[in-house]
Amino acid sequence: MYSRLLKPPENKSFFLFGPRGTGKTTWVRNTFPGAVYVDLLEAEIFNDLLANPQRLENFIPPRFSDFIVIDEIQKVPALLDEVHRLMESKRLKFVLTGSSARKLRRQGTNLLAGRALTYAMHPLTAVEIGRDFDLGRALRQGLLPALGEEPNPGKFLESYVKTYLEEEIRQEGLTRNLSAFARFLEAASFSQGSLLNISAVASECGVNRKVAEGYFGILDDLMIAQRIPPFTRRSKRRLALHPKFYFFDVGIYRTLRPAGPLDTPEEAEGPAFETLLLQNLVAVNDSLHLGYKVHYWRTSNQTEVDFVLYGPKGILAFEVKRGKRVKPESLGGLAAFARDYPMARLFLAYGGTRRMYTEGVEIWPMEELLQGLPELLQGLP
């Protein structure tokens, strides 16, 4: 088991949100070995607390001073009122894990009115894996923690997708048409790393636009996809305004995207390179609480920078190229961005092995960049 970057707050309740399979339960059990553990995935506990949330107090020993963990809190949102009461009346501390913060909010649930911090758990990062990190394997399989113990990673990833379809989607009643949703997931995989065109996705999977919008909302709710907004602060140019779309893990993306004789390696592997960097950027930023907002930048004439991080430490711009050589045209997007934002620090991640510097751009091998992200994002040399 790998040590995670995420560190818990001291003596304060908090939410821990993240997609299924990112290691929330393992991390909580190891971080809080003395905690009372309430698992809402257990049918008996779920039914008991769903019928009467006030029974939560019966799970807690008298004069208990450690944390109480409630796993998958979104399954019984009414428990939050009881958690709130116990925090106020008995000064109890809670760790509340879940795979859908938006679902709680959309149901009108108050997330304890700021009395609990909100943390995020993501797939593993290259930094957390350390010497065991293998770039090629990560690009094929992704970085879900359970993959390290799986003899057949492909079957595991297929099962992961199927589990979401059958357990999360069906049981929560998010959609009644699972076959249409399965077609949608495949169609959405072709939007990976691209400006999102919901109408085109709807047409591809044979549903109307409103249904497709609802499906994208489900992906947002379950935290298995994200939309990256454009960076438009003090813009001097006409810019693209649609978000870019990404599934949260490169292995999930590769599993959903079909491959056939008409598909070129670049069509799948280019977005895979981008996705791997993005998920590491997001995880390191969230785990270390660095406060960056993640964007992309694209002008009306298609000049683009893959990711722009904007936060207290400044502006960092990242371009991703899977090739082993850096061509002069590969630097065009970063050069244009630097003209508008000369204070930005510029990076190009590529598939080669040497670190180089040219025209204000730091050129890093992808694996070396991933391993160095904590220092880079904290503004260290």
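Worth knowing before you read on, the calculation uses all heavy atoms, side chains too, and leaves out hydrogens, waters and symmetry mates.
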So, do [X] and [Y] have ring centers that fall under 6.0 Å from each other?
| X | Y | value |
| --- | --- | --- |
| Trp297 | Phe337 | yes |
| Phe231 | Tyr310 | yes |
| Phe184 | Phe216 | yes |

Check this for me, if you would: do [X] and [Y] make a salt bridge, where the nitrogen-to-carboxylate-oxygen distance has to be below 4.0 angstrom?
| X | Y | result |
| --- | --- | --- |
| Lys93 | Glu10 | no |
| Lys155 | Glu150 | no |
| Arg355 | Glu362 | no |

Any donor-acceptor N/O pair, [X] side chain to [Y] backbone, under 3.5 Å:
| X | Y | value |
| --- | --- | --- |
| Ser13 | Phe94 | yes |
| Gln378 | Pro374 | yes |
| Asn47 | Ala43 | yes |
| Arg137 | Phe133 | no |

Hydrophobic cluster identity match, [X] and [Y], side-chain contacts under 4.5 Å:
| X | Y | result |
| --- | --- | --- |
| Leu241 | Ile228 | no |
| Ile218 | Leu178 | yes |
| Val361 | Met343 | yes |

Could you tell me whether the side chain of [Y] reaches within less than 4.5 Å of the side chain of [X], counting heavy atoms only?
| X | Y | answer |
| --- | --- | --- |
| Phe46 | Val76 | yes |
| Thr125 | Leu370 | no |
| Tyr253 | Pro271 | yes |
| Leu144 | Ile252 | yes |
| Arg354 | Ile363 | no |
| Ile73 | Leu79 | yes |
| Glu72 | Leu41 | yes |
| Leu139 | Leu276 | yes |

How close do [X] and [Y] get, heavy atom to heavy atom, and via which atoms?
| X | Y | answer |
| --- | --- | --- |
| Ala120 | Leu6 | O-CD2, 4.0 Å |
| Asp249 | Thr275 | C-CG2, 4.0 Å |
| Arg209 | Ser199 | NH1-OG, 2.8 Å |
| Leu290 | Pro312 | O-CD, 3.6 Å |
| Leu135 | Met366 | CD1-CG, 3.8 Å |
| Ile198 | Ala212 | CG2-CB, 3.9 Å |

In terms of heavy-atom contacts, does [atom1] of [X] have more than 12 from other residues, nucleotides or ligands at under 6.0 Å?
| X | atom1 | value |
| --- | --- | --- |
| His242 | NE2 | no |
| Glu204 | CD | no |
| Glu149 | CD | no |
| Glu329 | CD | yes |

Requested in this report: Take Glu319 and Ser330, measure what side chain to side chain donor-acceptor pair (under 3.5 Å) needs, and give me the verdict at the end.
Outcome: CA-CA 8 Å; Glu319 182 67 15; Ser330 300; over 6 Å; no
Requested in this report: Hey, can you tell me if Phe181 and Tyr215 have their rings parallel, tilted or perpendicular (30° and 60° cut-offs)?
Outcome: perpendicular
Query raised in the report: Parallel, tilted or perpendicular for Phe245 and Phe247, by the 30°/60° rule?
Result: perpendicular
Query raised in the report: Under 3.5 Å, is there a donor-acceptor pair between the Glu186 and Ser189 side chains?
Result: no
Report task. Would you kindly say whether Tyr119 and Asp286 are connected by a side-chain donor-acceptor distance under 3.5 Å? Result -> no
Query - Single hit among Leu334, Leu346, Val320 for side chain to side chain contact (heavy atoms under 4.5 Å, CB included) with Val305 - result: Leu334
**Report entry** Option among Ile45, Val36, Val38 that satisfies the side chain to side chain contact (heavy atoms under 4.5 Å, CB included) test with Leu56
**Finding:** Val38
Query raised in the report: Phe318 and ring pair (Phe, Tyr, Trp, His ring centres under 6.0 Å): which partner among Tyr292, Phe347, Phe273, Tyr296?
Result: Phe347
Query raised in the report: Name the one of Glu274, Gln192, Gln226 that satisfies side-chain hydrogen bond (donor to acceptor under 3.5 Å, both in side chains) with Tyr246?
Result: Glu274
Query - From Met121 atom CE to Leu5 atom CG, the distance as rounded to the nearest 0.5 Å - result: 10.0 Å
Query raised in the report: When you measure from the centre of the six-membered ring of Trp27, is the NZ or CZ of Arg4 under 6.0 Å away and within 45° of the axis?
Result: no
Query raised in the report: Do the numbers put Arg322 on top of the ring of Tyr350, so that NZ or CZ is under 6.0 Å from the six-membered ring centre and no more than 45° off the axis?
Result: no
